[in-house]
Amino acid sequence: MKRSLTLAMLLALSLAPAARAANEADYKAAYAAAETASKEAAGMRNQWTVTVSALAAAKKAGDGGDFDRAIAAAKEAEALAKASTFQATSEKEAWKAMEIR
Amino acid sequence: MASSIRVRATSNGDITEVQTLIQHPMDTGLVKDAKGELIPAHYIQELKFECNGKDVFVANWGTAVSKDPYVKFSFKGAKKGDDLKISWTDNKGGSDTITAKIA
Amino acid sequence: MKARIALLLGSLGAALVAFAFASPRVVAADKVDPVTDAKAFQNFFFQKFPDVKHEDFVNGPYSMNEDMKRQWREKEEFPPYEFALDAGKEMFATPFKNGKTYADCFPNGGIGIRQTYPYFDEKEGKVVTLELALNRCREANGEAPYSYVKDEMASLTAYMAFTSRGKPMDIRIPDDPRALEAFENGKRYFYTRRGQLNFSCASCHVQSPGQRIRAEILAPALGILNAMPIYRSEWSGMGTTSRRFVTCNSQTRAVPLEPQAEEYRDVEYFLSYVANGLPISGPGARP
Amino acid sequence: MTTTGSYPTRRLIIQGAATVALLGLGNLPFAAIPALAAANDKYPEEAFKLKNEADAIKALYGRTAEPSDKVKLDAPEIAENGGVVPISVTTTLDKVTSISFFVAENPNALAASYKIPDGTLPGIANRLKMAKTSNVTAIVEADGKLYSATKEVKVTVGGCGG
């Protein structure tokens, strides 16, 4: 019985934050994370156009107060930026496979 | 400014072959510019070729003719050195004309 | 049973030998060797498309498809780059405010020299493209530089390319480690995947030239810059090599670099060098 | 018309008016064709405005065309670019007075119309714009009759994404 109780509590806790509307602080945090990731990608000169547009969408939604959408867009921008940095690092060696010898 | 009309008229025997390339935007009026506004229709409607005092070719064009339009045709009855007068007018009243010598 | 084991051992041995034979080749490749790279690059295309005449590769997609070639021939009767060519010729002859002209900035008055660009400038230790040299000439004579991407720059380079038509590409790599590094940097950029679509230049222009990407036929990488600058129907206007790199990047959803970024100049150096011997065919008309 | 006395004059005038009216009426069909042909001299504003190909042909020539293998239409199978599609036509028909090009799926079907005066060869090459994959039709007016040839040209965008 005790175990299922703790389980239920855990579940309730994890649900709780989603229940109350995302507020500005969450948006700021998500946007900052996305921005650093995209700066890193730009630093490696391997930024993707979709990262830039997702970041812009996040900012627009954030400024408009629609924090749910802003956070989703910021998260997407962060994921895309991370994918592009992964691409840049893995390609450092991977390009040789395609080289005509 | 150089004329908007480039022409190559070469005659062999009695047949003169004429090729023309005209510098003109030929806007259809259906395209939006960067700011999202419609670019107004601006296209050549009539292109006329005259030689030895008579029309040898008249083109009536709509908005489906390519930008910097090109047309090629041939006609009889002219010889090297004759003058070929080419003139066009567009839907905004713009026009240009040149006279070229048949090579 | 014994036979099978022998067979197994034999094939293993063969594989080992092959690997041994290949591996020094791989090791050797790490030392930058442009001559061998160029030979391998050209042979790859000559073998992949045996019935394409060598000098025809510079005609890009039109060397790959008959129906496209016919449309090209028809366009070339009176090509759409005619106006840019005339404008370039006129600009080339018009003196700057200080009385000098472009001819004073270039060897042989700028006529018939396009095939030697880009070259490696040993003083500066970097690749100098024709477009960079033209803007440098303007700035040296107190004139404002032109956009690297189209209009005036395209007209000027169109005229200079026209005066070199038919001359074989003649790019030199001086015996200078920085030049070899620039060549290698260009090669690396050419083969590196980028953008959300995860394409490298080679994904399209080495692995699938002659095939369609929607309506367009992909051009082979060999001689792909010999026709620059090009009038593209897609742009319904002229475009320089820089414009082509920028648009190719954005198509794979990679954010383009500045028009004369080091990577672009180096990849132009690499692609021009491996096309040595193939004729200049600029200015070109493309879909 | 000499007048013979007042009474007959009125009849004559009426008769005259009638004949003029008849002539006028009678002329209409005849006038229609020369008028249309005359219209050819004037820019065929109407025909260029019509969306549908059949209407445009009617507006321009006043009748329909029949396919003929004497009209040879040359157009690419797949256009390299919808903005610049090289299309040309030649014909062995004689007494050709007009040639026109139609792109059925364009916003306006009639693309270009050419007048072929006496002494000019019935062959034209030009570059047209096509909105999308469509039938391209060339119409040749020879000795008062219309002949046509049609070919499908595929058009799509190029490039991989962006």
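Quick note on labels: first sequence line is chain A, next is B, and so on, each numbered from 1. Both backbone and side-chain heavy atoms feed into the values below; hydrogens, waters and symmetry mates do not.
The candidate from B/Leu47, B/Val56, B/Asp68 with the greatest count of non-hydrogen atom pairs under 4.5 Å with chain D is B/Val56. For chain D, the option among B/Gln45, B/Lys76, B/Lys67 with the highest count of heavy-atom pairs below 4.5 Å is B/Gln45.
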Hey, mind stepping through D/Asn126 and B/Val65 against side chain to side chain contact (heavy atoms under 4.5 Å, CB included) and telling me if it holds?
CA-CA 8 Å; D/Asn126 55 176; B/Val65 174; 5.8 Å; no
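Considering only heavy atoms from C-beta on, D/Phe48 comes within 4.5 Å of B/Asn60 through its side chain. The closest side-chain heavy-atom distance from B/Val71 to D/Tyr114 is below 4.5 Å. Two residues are said to be in side-chain contact when any heavy atoms from C-beta on lie closer than 4.5 Å; D/Ile116 and B/Phe73 fail this criterion.
Both the backbone and the side chain of D/Leu128 come within contact range of chain B, each with at least one heavy atom under 4.5 Å from a heavy atom of that chain. Residue contact with chain B, scored on non-hydrogen atoms closer than 4.5 Å, is absent for D/Pro122.
Under the 3.5 Å distance criterion, the side-chain polar atoms of D/Lys115 are left unmatched by any main-chain donor or acceptor of B/Asp55. Using a distance-only test at 3.5 Å, with no hydrogens or angles considered, a donor-acceptor pair links the side chain of B/Lys54 to the main chain of D/Asp118. Here the side chain of B/Ser66 pairs a donor or acceptor atom with the backbone of D/Gly83 at under 3.5 angstrom.
What you find for B/Trp61 and D/Ala112 is that their closest heavy atoms are CD1-CB, 3.6 Å.
No more than 12 heavy atoms of other residues, nucleotides or ligands lie within 6.0 Å of CD in D/Glu77, so this atom counts as exposed by the packing criterion. Counting non-hydrogen atoms of other residues, nucleotides and ligands closer than 6.0 Å to NZ of D/Lys70 gives a total of 12 or fewer. At most 12 non-hydrogen atoms from other residues, nucleotides or ligands lie less than 6.0 angstrom from NZ of D/Lys145.
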